[in-house]
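Below is one structure, written out as structure tokens, with a few remarks after it.
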Amino acid sequence: MFDKILIANRGEIACRIIRTARQMGIRTVAVYSDADADALHVALADEAYHIGPAPARESYLRPELILDVARQSGAQAIHPGYGFLSENADFAEACDGAGLVFIGPPAGAIRAMGSKSAAKRIMEEAGVPLVPGYHGEDQDPGMLQDSADRIGYPVLIKATAGGGGKGMRVVRDSASFGALLAAARREALSGFGDERVLLEKYLTRPRHMEIQVFADFHGNALHLFERDCSIQRRHQKVLEEAPAPGMDGELRSRMGAAAVAAARAIGYVGAGTVEFLLDEDGSFYFMEMNTRLQVEHPVTEMITGQDLVRWQLGVASGETLPCGQDQLAIDGHAIEARIYAEDPARDFLPSTGTLTHLRTPPESAHVRIDTGVRQGDSVSINYDPMIAKLIVWDATRDGALRRLRAALAEYQVVGVTTNVEFLAAVAAHPAFAAGDFDTGFIERHSTALFPETEPAPARTVALAALYVLLRRSAEAESAAAASSDRWSPWHQTTGWQLNCDNHHVLTLQDGETAVCVTAHYRPEGYLLELPDCRMLVSGRLDNDGDLLADLGGMRITASIVWHGNDLTVISHGSSHRLTLHDPLADAGEQEVAGGRLTAPMPGKIVALLVTPGTAVERGTPLVIMEAMKMEHTISAPRDGVVAEIHFAVGAVVNEGTELLSFAADGETV
Ligand code: ADP
């Protein structure tokens with residue numbers, strides 16, 4: 001076994017690997033970019049080395065820098081985590097060449113599976129079933145169009161070198177094939193430096209099933225059952241579970257055997273995942289093999305009681321697998337929810353910012369949190385916007401779901417928009433609870449999962465107002481205590497005002513609406529006059545800063561985060577942001593007449609779909625931006641005419657930058 005390993009990654013997976021290494025007495029070496037100097041993985045590792053600027057291609061993706069650090073630090077092996085260099089066969093070879101162990105499969109196995117098309121050809125020969133489609137070398141657009149017509153619509157275009165849902169487009173009819181092929185190629189080229197694509201019949205209600213496999217250098221190979229990863233947005237996983245609901249023993253062994261056969265066919269060693277699509281009629285098709293540890297590996301760990309990173313380290317150092325297939329069994333049910341900085345209401349657009357407040361449910365035998373961030377850290381444009389993985393376990397699926405709902409209700413993040421409430425809506429959906437879902441679940445149930453933004457309920461406004469009043473009163477008291485004239489009426493905290501009734505007016509902005517709250521001081525608290533009701537409220541702040549409130553006799557605890565003028569009220573798993581109206585800061589900041597379209601996040605302009613003077617309808621795509629390696633389409637907010645476009649293709653813009661101006665219907669350009 002190794003004494004010291006280098007982890008060529010960041011974030012939660014680097015922290016996850018460090019945790020197991022530490023338990024095994026292995027010393028760890030971290031690497032970090034400028035953006036990660038104070039990151040958690042750096043703090044947890046025994047040693048950490050700076051490798052370059054924030055963009056990954058200038059730091060985490062540079063093999064030579066990582067190998068230098070390995071040599072300098074005396075690490076014997078490199079764990080690549082997932083993403084970054086984990087599926088880079090040249091890097092695996094370079095490790096070998098430098099006398100270092102690459103903790104992953106042999107370069108040949110990575111190459112065999114690196115191209116989705118080549119992988120399909122190998123699997124075809126090994127007798128593993130494939131989705132009908134085209135995965136040949138000829139990439140002529142006319143020929144691809146003919147193939148798609150032959151396969152029959154809907155057809156899925158995939159980047160041969162793809163991953164993470166990038167470069168993937170569903171084509172519904174022959175007429176839109178050309179444009180979608182161009183978009184898929186553009187995204188594939190920018191994401192993977194390779195614009196080749198393959199075509200597949202698009203299955204309309206499949207489930208994403210994957211089998212965790214493991215093999216050692218001594219000819220042993222086995223599987224650790226399946227994971228169901230069907231709950232996806234933009235073809236990317238958000239909730240994963242093991243075992244798969246409704247999976248029977250017979251299908252499990254057939255899929256398991258196919259996965260092990262796939263691993264054997266390419267001389268696999270280490271941890272890998274064979275992904276399948278399971279069709280409604282029970283047939284399953286090979287999709288691809290990921291030659292690394294997966295993001296969702298914890299659900300497998302929770303139901304098998306195994307530590308897969310420990311297995312990886314054992315296999316890489318030449319040990320045999322720690323057990324045989326017969327010794328593995330499924331115990332209970334585990335679900336993982338990926339907590340992302342993203343806005344479900346804006347097509348899951350990644351969100352960036354500082355985590356000004358972060359509080360998580362307590363960890364236990366039932367709740368595990370794999371994360372790479374702490375309160376105060378930033379989610380930047382440079383890396384994946386995942387904040388954490390929340391994993392729950394219980395003896396039954398029902399029990400696990402209940403724990404998931406409870407844990408999500410306790411997950412508090414302020415500073416970036418997150419998908420926590422969206423995940424909670426999925427976890428609470430009856431069809432999900434019944435195990436009745438496929439990869440189209442989110443789209444099909446969008447009305448229930450993306451509720452209209454509701455105005456803040458009176459209770460939320462009352463909590464925010466009470467919090468402000470209590471904080472101001474506490475501040476006034478400490479000011480009075482520090483003053484030479486403690487009894488001056490100017491230090492009174494009872495709302496005393498010269499010639500005035502003892503009340504105070506607060507204005508809280510809730511989205512577009514300004515909500516006025518008049519607070520009358522009473523010996524027992526405050527009488528609040530809200531737009532639709534009156535409420536006698538009182539409360540105090542506890543040591544954690546939480547508000548223990550009594551709202552007209554109802555006791556409630558809430559966490560309230562006050563940052564700038566923003567008050568985020570978090571209670572019972574829902575979070576609502578209100579802005580405290582500050583008369584001094586009230587000038588300006590009004591939307592100009594007509595319309596402006598600003599960049600929703602920092603990124604690069606990759607295509608302009610309109611020219612000045614173009615008349616468009618609400619929802620017409622105008623500009624395509626690339627941010628966080630994904631394309632985002634900016635569409636017309638209403639019917640109108642494009643007035644001016646301020647940037648050319650290739651320009652890099654900051655969040656909030658005006659991209660084009662737009663005149664609503666009826667206005668002159
Ligand atoms: P990536 O490697 O980019 O993540 P995958 O090939 O793993 O892409 O596919 C991602 C997801 O896209 C799958 O989990 C599934 O939901 C969907 N998908 C892929 N191929 C098909 C298909 N032929 N029909 C229907 N859905 C598909």
Side-chain angles (χ1 to χ4, degrees), residues 82-83 86-87 110 113-120 123-124 128-135 147-148 151-172 180 183-185 187-212 226-241 244 255 259 262 272-281 283-296 336 338 340 348 384 386 426 437-444 628-631:
Y82 54 71
S86 63
E87 291 175 288
I110 302 179
M113 291 295 138
S115 150
K116 287 186 203 256
S117 303
K120 280 179 178 240
M123 290 304 131
E124 211 163 23
V128 181
L130 304 182
V131 196
Y134 171 81
H135 48 263
S147 301
I151 295 165
Y153 296 91
V155 160
L156 185 64
I157 307 176
K158 278 188 192 178
T160 306
K166 286 167 220 153
M168 202 188 274
R169 291 291 185 283
V170 182
V171 190
R172 306 268 168 204
L180 291 166
R185 284 193 156 158
E187 206 169 277
L189 189 63
S190 90
F192 317 107
D194 179 348
E195 64 169 6
R196 282 174 301 165
V197 298
L198 60 87
L199 307 176
E200 278 177 12
K201 172 92 196 146
Y202 186 65
L203 306 181
T204 43
R205 299 190 76 149
R207 274 164 71 182
H208 174 117
M209 292 284 187
E210 57 182 40
I211 305 280
Q212 175 71 56
E226 77 281 3
R227 293 184 287 258
D228 187 327
C229 312
S230 303
I231 305 295
Q232 306 182 343
R233 44 97 180 93
R234 294 178 142 180
H235 299 302
Q236 281 184 281
K237 305 158 184 169
V238 265
L239 277 169
E240 302 103 339
E241 58 184 299
M255 288 182 93
T273 296
V274 184
E275 296 190 330
F276 296 100
L277 285 176
L278 177 66
D279 209 355
E280 286 169 279
D281 63 2
S283 4
F284 61 86
Y285 305 102
F286 170 80
M287 202 165 25
E288 64 168 344
M289 179 168 184
N290 290 321
T291 53
R292 54 169 160 83
L293 193 66
Q294 299 268 94
V295 175
E296 59 274 20
E336 172 180 284
R338 299 190 190 188
Y340 278 105
F348 300 97
D384 184 87
M386 190 165 73
V426 175
F437 57 82
D438 55 68
T439 56
F441 179 86
I442 289 177
E443 227 166 72
R444 194 165 319 117
M628 289 178 161
K629 300 271 191 299
M630 298 283 291
E631 285 194 358

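Both counts, for ligands and for their atoms, begin at 1 and track the order of listing. These numbers were taken from a predicted model, which means no experiment stands behind them.
Ion pair K166/E187 not flagged as a salt bridge, since none of the NZ, NE, NH1 or NH2 atoms sits closer than 4.0 Å to an Asp/Glu carboxylate oxygen. A salt bridge links E87 to R292: one of the charged nitrogens lies within less than 4.0 Å of a carboxylate oxygen. Between K116 and E200 there is no salt bridge, since no side-chain N of the basic residue sits under 4.0 Å from a carboxylate O of the acidic one.
E226 and I211 make their closest contact through CB-CD1, 3.8 Å (heavy atoms, listed as atom of the first residue, atom of the second, distance).
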Between ligand 1 and the protein, which N/O pairs are shorter than 3.5 Å?
{"unit_1": "ligand 1", "atom_1": "2 (O)", "unit_2": "K116", "atom_2": "NZ", "d": "2.6"}
{"unit_1": "ligand 1", "atom_1": "2 (O)", "unit_2": "E288", "atom_2": "OE2", "d": "2.8"}
{"unit_1": "ligand 1", "atom_1": "3 (O)", "unit_2": "G164", "atom_2": "N", "d": "3.2"}
{"unit_1": "ligand 1", "atom_1": "3 (O)", "unit_2": "G165", "atom_2": "N", "d": "2.6"}
{"unit_1": "ligand 1", "atom_1": "4 (O)", "unit_2": "G164", "atom_2": "N", "d": "3.4"}
{"unit_1": "ligand 1", "atom_1": "4 (O)", "unit_2": "G165", "atom_2": "N", "d": "3.4"}
{"unit_1": "ligand 1", "atom_1": "6 (O)", "unit_2": "K116", "atom_2": "NZ", "d": "3.1"}
{"unit_1": "ligand 1", "atom_1": "6 (O)", "unit_2": "K158", "atom_2": "NZ", "d": "2.9"}
{"unit_1": "ligand 1", "atom_1": "7 (O)", "unit_2": "E275", "atom_2": "OE1", "d": "3.1"}
{"unit_1": "ligand 1", "atom_1": "7 (O)", "unit_2": "E288", "atom_2": "OE2", "d": "2.8"}
{"unit_1": "ligand 1", "atom_1": "8 (O)", "unit_2": "K116", "atom_2": "NZ", "d": "3.3"}
{"unit_1": "ligand 1", "atom_1": "12 (O)", "unit_2": "H235", "atom_2": "ND1", "d": "3.4"}
{"unit_1": "ligand 1", "atom_1": "14 (O)", "unit_2": "H208", "atom_2": "ND1", "d": "2.5"}
{"unit_1": "ligand 1", "atom_1": "14 (O)", "unit_2": "Q232", "atom_2": "OE1", "d": "3.4"}
{"unit_1": "ligand 1", "atom_1": "14 (O)", "unit_2": "Q232", "atom_2": "NE2", "d": "2.6"}
{"unit_1": "ligand 1", "atom_1": "16 (O)", "unit_2": "Q232", "atom_2": "OE1", "d": "2.5"}
{"unit_1": "ligand 1", "atom_1": "16 (O)", "unit_2": "Q232", "atom_2": "NE2", "d": "3.4"}
{"unit_1": "ligand 1", "atom_1": "20 (N)", "unit_2": "K158", "atom_2": "NZ", "d": "3.1"}
{"unit_1": "ligand 1", "atom_1": "20 (N)", "unit_2": "E200", "atom_2": "OE1", "d": "3.3"}
{"unit_1": "ligand 1", "atom_1": "23 (N)", "unit_2": "E200", "atom_2": "OE1", "d": "2.8"}
{"unit_1": "ligand 1", "atom_1": "23 (N)", "unit_2": "K201", "atom_2": "O", "d": "2.9"}
{"unit_1": "ligand 1", "atom_1": "24 (N)", "unit_2": "L203", "atom_2": "N", "d": "2.9"}

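One finds the CD1 atom of I442 at 12.0 Å from the CZ atom of R234 (value rounded to the nearest 0.5 Å).
When the side-chain contact (heavy atoms from CB on, under 4.5 Å) test is applied to M386, the partners found at least two apart in sequence or on another chain are E12, Y82, V295, R338, Y340, D384, K389.
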